[in-house]
Amino acid sequence: MKDTGNSVAMPLVAAMLQYKHEDVYPLHTPGHKGGRGMERLLRQELGGSVAMDVSLMSELDDIHEPETYIKAGQDLAAQTYGSDACFWAVNGTSQAIHAMLLTALNPGERLLLPRNAHRSVAGGLVLGGIEAVYLEPEYCEEFGLQLQVTPPTVAQALAADSAIKAVLLTSPNYYGVAADVRAIADICHERGAVLLVDEAHGPHLGFSDLLPPSALQCGADACAQSTHKILGAMTQCSMLHVQGARLDLQRAADVMSILTTTSPNYLLMGSLDAARAQVQAHGKEMAETAVAAAAKLRKLCSSFTGLKVLTEADCSGLRLDSTKVTVNFAAWGYTGVEVGDAFRAARVAVELVDAQNVLFLVTYADNTADYDAALQRIEAVLKKLEQHKRPPLQAEKVGRVPVTTSQMTLREVFFRSKVSVPLLEAEGCVCAEQVSFYPPGIPVLLPGEVITREIIAYCVAMKALGLPVSGPADSSLTQIRIVK
């Protein structure tokens, strides 16, 4: 982490406040005119912030051609994280991931991609006409979840296919498991490939040794971070960082401009500016607060016999972001869906549920009396569930995602005619849409892949567990689209 001194300047926020205080009458968009015309209840709830919901103003800089306040904010973010350039993404981390891919790869070039990549990566493959070569990550049987691809697996794949131009990792993954990014970066660079990292769940990394190192610290050429997921930015706010000479910074800027709305929301951009200032000034303290808060929850869950809490010892030697608290309920006979519903009934909303696990996301903000009260409600739910334990879940009912093969690229499928057929009759067909159970949004099927009997059975089992499906036109997954 580069030394950023004690400066906590927020150049864009300061400019927005100055504009608000000047009380300029807006004969321009947006139509609500500083909140004057907004529906009363919404305006009342939003308060004074609505006056800063302004259009693209010359006084406030332009994200497409940043020269003043936005440029200064992005430069400060680059200094804080140690990159050569930072680009604000107001269309979420999906935009930043798409930009990484379109910056690093030309149409027809190959990307080495773990099979548990987030569904947003598929959109970048379609947009860029990029061909994916998939790797299977390591699997943790005890928790029924995928971990990370290993350096030897990446090295073997690159040695076998010299046409691969880039590697994309998801690190840390949804469960907080970080890849050995440093070793994989060295392997990529030795082979002439660039390393891209979907670091959506890691904008807080690199500020404390209590957490895994950041992707940039480990030598990644670019990373996409969800500033809104872990830090203090508003939902939809993310950052793209680029470092080194392997990627063209001007091309990255051009791609980000193509992918960014021409009507960016200044409240979103201002929250990125403020979140950066906060972590710049207090990053170490924030990380330590989050780890301490998560430790309280870990201790509580571990006190119940039969519950398993994911630790680094379960991660095959990989680092774990301990602020992600994954609790396995298989021994008690409950699915994650059932437990998540029980918590929600007790006014506690969890980050993720899957077939066996519940995932709690803890941050620096969980340092309040409200959090302690939520822990008491969690304890009450756990005691009630413990009193009504069932026979343990059978492994075959919650197994890993079956492996299949690809017959067409995502872009080829995108432009082909499609037809819907019953899922139960789709064996042997080429899938024409993405099928994920969300969260975590890891695709079970991607367009172009062959639908197998095992995948059909897996989808039926996940539906029976109550996991929500994402991607198909038919959200019930009774029907599935195939290539005509």
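Throughout, residue positions are numbered sequentially from 1 according to the sequence presented. These values consider heavy atoms only, across backbone and side chains, with no hydrogens, waters or symmetry-generated copies.
- Inter-residue side-chain proximity for L465 and F437 is flagged as unmet; no heavy-atom pair is nearer than 4.5 Å.
- Distance check, rounded to the nearest 0.5 Å: CD of Q74 to NE2 of H241 gives 10.0 Å.
- Distance CD/E338 to OG1/T335: 3.5 Å, rounded to 0.5 Å.
- Side-chain N/O atoms of Q95 and S238 include no donor and acceptor closer than 3.5 Å.
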Test side-chain contact (heavy atoms from CB on, under 4.5 Å) on L446 and S406 and set out the steps.
CA-CA 8 Å; L446 287 167; S406 179; over 6 Å; no
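- Within a 6.0 Å sphere centred on NZ of K165, heavy atoms belonging to other residues, nucleotides or ligands number 12 at most.
- The structure places CG of L272 at 8.0 Å from SG of C86, a figure rounded to the nearest 0.5 Å.
- Under the 4.5 Å side-chain criterion, counting only non-hydrogen atoms from C-beta, H204 is in contact with L231.
- Within a 6.0 Å radius of CD in E427, more than 12 heavy atoms belonging to other residues, nucleotides or ligands are found.
- Of all heavy-atom pairs between V358 and V350, the closest is CG1-CG1, 3.6 Å.
- With hydrogens and angles ignored, the 3.5 Å screen pairs no side-chain donor or acceptor of Q356 with any backbone N or O of N328.
- Proximity of K324 to L361: side-chain heavy atoms (C-beta onward) are separated by under 4.5 Å at one or more points.
- A donor-acceptor pair under 3.5 Å links the side-chain atoms of S171 to the main chain of A179, judged by distance alone.
- Side-chain contact, H32 with D53: a donor N or O sits under 3.5 Å from an acceptor N or O.
- Scanning all heavy atoms of the two residues, the minimum distance from Q217 to S214 falls at OE1-N, 2.9 Å.
- Here the shortest heavy-atom pairing between E199 and P172 reads CG-CD, 4.1 Å.
- Other residues, nucleotides and ligands contribute at most 12 non-hydrogen atoms within 6.0 Å of the NZ atom of K384.
- With hydrogens and angles ignored, the 3.5 Å screen pairs no side-chain donor or acceptor of R43 with any backbone N or O of G37.
- V291 has its side chain within reach of L211: a pair of non-hydrogen atoms, C-beta onward, lies under 4.5 Å apart.
- A side-chain donor-acceptor contact under 3.5 Å links H64 and S257.
- With a 6.0 Å radius and a threshold of 12 heavy atoms from other residues, nucleotides or ligands, Y334 has its OH atom above the threshold.
- Within the 4.5 Å cutoff, no side-chain heavy atoms of Y266 are placed close to those of I63.
- The shortest side-chain heavy-atom distance between T93 and S120 does not fall under the 4.5 Å cut-off.
- Here the CG-CG distance, from D248 to D254, works out to 8.0 Å after rounding to the nearest 0.5 Å.
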Criterion side-chain contact (heavy atoms from CB on, under 4.5 Å) on T103 and V242, from CA distance to verdict
CA-CA 10 Å; T103 298; V242 183; 5.9 Å; no
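- Remark: the backbone N or O of T29 is paired with a side-chain donor or acceptor of S55 at under 3.5 angstrom.
- Residue-environment remark: CZ (R390) exceeds the threshold of 12 foreign heavy atoms within 6.0 Å.
- In terms of modelled atom types and a separation under 3.5 Å, the side chain of E454 and the main chain of V403 share no donor-acceptor contact.
- With hydrogens and angles disregarded, no donor-acceptor distance shorter than 3.5 Å links the side chain of R481 to the backbone of A432.
- The backbone N or O of F143 sits less than 3.5 Å from a side-chain atom of N357, completing a donor-acceptor pair.
- Between the CD1 atom of I482 and the OG atom of S417 there is a distance of 12.0 Å, given to the nearest 0.5 Å.
- With T326 as the partner, the side chain to side chain contact (heavy atoms under 4.5 Å, CB included) test is satisfied by one option alone out of V309, D314, L310, T311: L310.
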Test side-chain contact (heavy atoms from CB on, under 4.5 Å) on Q225 and Y81; report intermediate values, then the result.
CA-CA 11 Å; Q225 300 173 337; Y81 282 93; 3.6 Å; yes
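- The two residues M256 and W88 make their nearest non-hydrogen contact at CE-O, 3.5 Å.
- Counting heavy atoms of neighbouring residues, nucleotides and ligands inside a 6.0 Å radius, atom CZ of R115 exceeds 12 of them.
- Around atom CZ of R377, more than 12 heavy atoms belonging to other residues, nucleotides or ligands sit under 6.0 Å away.
- In this structure, the side chains of I455 and E449 stay at 4.5 Å or more apart for every pair of heavy atoms.
- Contact check for M239 versus P203: no side-chain heavy atoms found under the 4.5 Å cut-off.
- For the pair Y175 (side chain) and L145 (backbone), a donor-acceptor distance under 3.5 Å is absent.
- When each of N173, N116, T153 is paired with P137, the side chain to side chain contact (heavy atoms under 4.5 Å, CB included) condition holds for N116 and for no other.
- Looking at T452 and T404, their side chains never bring a donor and an acceptor atom within 3.5 Å of each other.
- Rounded to the nearest 0.5 Å, atoms OG (S436) and CG (L467) are 12.0 Å apart.
- No donor-acceptor pair closer than 3.5 Å links the side chain of Q148 to the backbone N or O of E138.
- A distance-only check finds a donor-acceptor pair linking the side chain of K418 to the backbone of V413 [under 3.5 Å].
- At a cut-off of 3.5 Å, with distance as the only test, no side-chain donor of Y174 or D354 sits close to an acceptor on the other residue.
- The minimum heavy-atom distance linking R411 with F415 is given by the pair O-CD1, 3.3 Å.
- R110 and L105 make their closest contact through O-CD2, 3.6 Å (heavy atoms, listed as atom of the first residue, atom of the second, distance).
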Applying side-chain contact (heavy atoms from CB on, under 4.5 Å), run through I456 and L423 and close with a yes or a no.
CA-CA 7 Å; I456 293 173; L423 173 66; 4.2 Å; yes
